[in-house]
> 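Here it is, the structure in full.
Order of the sequence lines fixes the chain letters, A, B, ..., with proteins taken first and strands second; residue numbering starts at 1 for each chain.
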Amino acid sequence: MAEPDASADVTALLVNWSNGDNRALDELMPLVYGELRRLAGAYLRRERATHTLQSTALVHEAFLRLVNQQDVQWRSRAHFFGIAAQMIRRILVDHARAAQAGKRGAGAIRIELDDHLAVEQQKELDLVGLDDSLAKLAALDERQARIVELRFFAGLSVEEAAEVMQISTATVKREWSSARAWLYREMTKA
Amino acid sequence: MTPERWRGIKTIFDAALELPSAGRTAFVEASCEGDAAALAEVQSLLAANDEAGDFIEVAPGPPPDKEYSTGFSIGPYRIVQVIGEGGMGMVYQAVRVDDLYRKLVAVKVARRGFNDSAAMRRFETERHILAHLEHPNIARLLDGGTTVAGQPFFVMDFIAGTPIDEYCDAHHLDLASRLRLFLTVCSAVQYAHQNFVVHRDIKPPNILVTEEGAIRLLDFGIAKLLDPEDDSAGATTSIVQMMTPEFASPEQLLNEPVTTASDTYSLGVLLYILLTGHRPFLFKSRMPREIWDTIREAEPRRPSSVVVLSERTATGRDITLPIVADARAIRPGRLARELAGDLDTILLMALRREPHRRYTSVEQLANDIERYLSGQPVLAREDTFSYRAGKFVGRHKGAVAAAGLAVLALAGGVVTTSWEARIATRERERAERRFNDVRRVANSLLFDVHDAIKNLPGATPARQLILTRALEFLDNLSKDAGDDRSLQKELAAAYERVGDVQGQAREAHLGEPEAALVSYKKALAIREGLVAGSPGDRDARRDLVPNYGKLSDLLMAGGDSAGAMEYSRRLLQTAEALAAVPEAGLADQMRLATSYLDFGYKLGMVSGDLPNGVANCRKALRLFDQLVQAQASDKRLLRAQSIAMDRTAELLGKEEAGRAEALGLRQTGLGMKRKLLALEPLNTDYRRLVAWGIFDLAALLEKTGDREQARDGYRSALESFRALAVDDPANAQFRKDVATAEAALRPH
């Protein structure tokens with residue numbers, strides 16, 4: 001089936017929402033989520049090239065695919081990234097949880113010893129743990145958790161996050177650094 | 001910890017970070033003002049900050065792949081050399097540890113493992129399928145497995161070679177040689193398709209030519225192996241992640257099912273490059289949106305036109321006509337000419353956006369190339385208007401005018417092209433054949449567009465524009481038609497169609513009768529000319545009948561009774577001529593019967609000559625009787641006969657003396673209609689026929705004074721009309737029928 005021209009709908013919804021129509025958000029969410037899910041799915045199955053900012057690329061691509069660039073103001077764009085960040089976090093974390101569950105089951109890959117191999121275990125980021133910790137942080141400071149979400153999951157820069165949250169870059173930097181410290185401590189607790 | 005407390009902690013932490021590390025401790029101690037817990041908190045945070053490194057500074061991604069080096073083993077294969085990074089992962093040259101002959105293989109390690117065992121199983125199945133592909137031009141998949149780290153790897157013949165495009169350029173291969181090389185590629189791909197394997201990633205780096213000039217295809221279906229869930233509707237290939245989106249078919253980019261036709265497309269891109277040196281699409285940037293929009297909307301650049309352009313690749317390489325021509329051992333002036341015509345058409349057909357409109361198989365593509373090479377006509381056809389018209393009208397319902405203009409402009413364009421081809425010296429025959437297709441297509445254009453615009457409510461301006469253009473087109477075409485009889489027949493039919501749309505004589509009171517008249521007359525002029533030129537051509541003569549009929553009806557509706565009668569008379573004469581000969585068939589007889597009816601009815605209604613009108617109608621009825629006796633089960637015949645009875649009854653009913661007979665006719669007619677409806681209870685036309693039969697009978701009964709029965713009839717008809725309207729709420733005619741019946745029931 002050919003790609004329906006969803007961009008008109010999403011753009012309109014986005015604009016409406018950022019102008020204050022909350023019902024537009026209800027309609028918008030599944031559309032954006034669907035797109036992100038599809039993109040993320042491919043990414044999670046067969047990712048390529050650099051490991052940096054892959055989720056950023058996803059969110060940007062979802063934005064490009066879904067929204068008519070000419071029609072949106074910066075404000076709407078900020079809104080989009082706000083929700084996209086939440087969604088991509090959900091998607092990646094759900095995936096990670098499922099993967100975790102799988103590994104503990106019978107399908108786990110046997111580890112073989114091979115002394116020819118230079119064993120260099122990469123530290124894989126524990127997304128599930130991060131998600132849990134982030135939830136705890138949100139209880140303490142909602143705004144900080146949002147900033148982390150935006151910067152980490154949607155890969156926004158400090159400036160971009162500041163725009164989305166409508167706060168100064170200095171504030172973003174400060175919040176980011178204390179959040180990071182807190183999360184690190186939380187996750188490295190025994 | 002509460003939010004308020006946290007805010008306080010943060011403030012101290014933030015401030016402390018501003019200070020050089022030396023002064024921090026003192027500052028923090030001072031700021032905490034004896035709150036031991038707070039102090040501990042801030043201190044541990046500062047410590048965490050120091051330790052964190054690049055914790056979450058980097059967006060989430062997969063762990064970097066394990067990379068191997070020389071001497072290491074991947075399964076039973078020992079790496080001899082690191083070749084480099086391929087599309088799906090690292091590529092290593094290796095030998096099998098236990099292999100006496102030390103045969104060189106290529107080991108490709110994919111980037112990421114699978115998360116569930118179902119995917120693993122699918123992977124294994126696919127791998128076995130691939131391993132059984134045995135073709136001289138396909139690099140064999142020898143083995144495969146999974147590394148300790150969970151990365152799938154493949155082992156294939158190690159091929160030392162040059163990508164096909166580079167090879168062709170380096171050896172200055174001419175067009176024919178390149179085509180022949182390409183045919184080898186096709187045979188390999190076709191073989192794979194026959195074994196249900198789609199390559200999915202056809203591009204020059206995957207098609208190597210060895211030193212000896214042998215072709216080897218690599219990475220067959222590898223993309224499918226790595227993405228066993230690719231068939232699911234949920235999978236999307238992110239453009240961002242594609243290394244070479246230029247070769248990906250539109251359906252791959254747009255998340256639609258990938259089939260062997262996708263390989264055909266990629267082969268098309270490959271051949272395009274081999275023949276022209278350019279890419280089919282020029283992407284202004286590599287932004288996903290740009291690529292997506294281009295593939296979705298733009299047409300591939302015509303090969304014969306693209307070669308004259310000067311472009312520069314992203315890597316800074318120049319592509320100009322002299323360079324491209326030199327690589328193809330051809331004089332720059334000749335290249336465009338060589339590509340124009342069949343090669344253009346073949347390439348564009350392979351590159352059609354819709355999979356089902358490309359060559360149906362790689363073999364077909366190869367065959368067409370072989371035909372080209374041996375100087376035979378190719379099967380490929382230029383893109384057709386009716387198809388484009390359909391797509392346009394479908395997508396831009398509100399902007400049909402624009403669509404119509406665009407489509408018809410295209411129509412004009414292709415005609416010109418065809419005529420230039422005709423004027424050119426070579427393959428006159430081929431040009432003519434193409435011209436025949438053009439006009440056949442022009443015809444369907446009008447039909448398709450007509451059907452589409454017929455249903456547009458209130459789209460008169462759009463309709464107007466399309467009609468204007470259509471007429472321009474037809475007028476131009478007819479100027480050049482010469483003595484091509486079949487072309488003229490189609491032109492006449494096209495004019496008639498245009499007239500239908502303009503006049504809508506039998507339908508609502510919209511339309512421009514004058515314009516319709518002109519169109520019908522144009523059609524008629526052509527047809528009368530054809531009959532005059534070849535009196536034995538019965539088909540040409542038959543075409544005259546509906547033409548006369550429509551002209552007559554139009555004039556009748558417009559109040560020109562003399563003109564209406566004249567055409568009706570000519571219609572009858574033509575029908576008589578057709579029916580008079582021995583070879584006349586049932587259709588000819590039926591046509592004669594309806595012609596009598598038409599003439600007779602109009603005589604009575606329009607000219608006021610009731611006696612002669614009725615007389616002709618009776619002729620019609622007698623003829624119908626004879627025909628029905630011969631072909632009792634022909635529904636069309638029965639229907640026509642029942643209508644003939646209606647018309648006759650209408651004439652008879654005008655005078656009191658004729659009412660009794662009219663009543664009888666109407667009743668008999670109604671009986672026939674009910675019979676038809678019994679045969680096809682759901683047929684809307686029959687339902688309406690019966691309802692009107694009841695209504696007309698009721699009207700007659702009213703005239704003869706049978707008020708009660710008349711009202712019963714009206715009520716019954718109304719019920720039927722209402723049922724029809726309920727079944728098809730959008731139908732304006734049904735609503736009118738209901739209104740008519742309701743009006744009849746009101747006291748008057």
> Under the side chain to side chain donor-acceptor pair (under 3.5 Å) rule, collect the residues that match up with A:K136, sequence neighbours excluded.
A:E186
> Below 4.5 Å, heavy-atom pairs only: which of B:R5, B:E4, B:E51 has the largest tally toward chain A?
B:E51
> Quick one: which of B:I9, B:D14, B:V42 gives a side-chain contact (heavy atoms from CB on, under 4.5 Å) with A:S178?
B:D14
> So that I can tick it off, tell me whether A:R174 and B:E18 are bridged by a salt bridge, with the cut-off set at under 4.0 angstrom between side-chain N and carboxylate O.
no
> Look up atom CH2 in A:W182 and atom OG in B:S44, then write down how far apart they are to the nearest 0.5 Å.
11.0 Å
> By a 4.5 Å heavy-atom criterion (distance strictly below it), what part of A:E175 contacts chain B: side chain, backbone, both, or neither?
side chain
> Contact part of B:I74 toward chain A, heavy-atom cut-off under 4.5 Å: side chain, backbone, both or neither?
neither
> Minimum heavy-atom separation for B:F13 and A:A181, please, with both atom names.
CZ-CB, 3.8 Å
> Charged N to carboxylate O under 4.0 angstrom, A:D141 versus B:K10?
yes
> Below 4.5 Å from any heavy atom of chain A, which atoms of B:N49 appear? Answer side chain, backbone, both or neither.
both
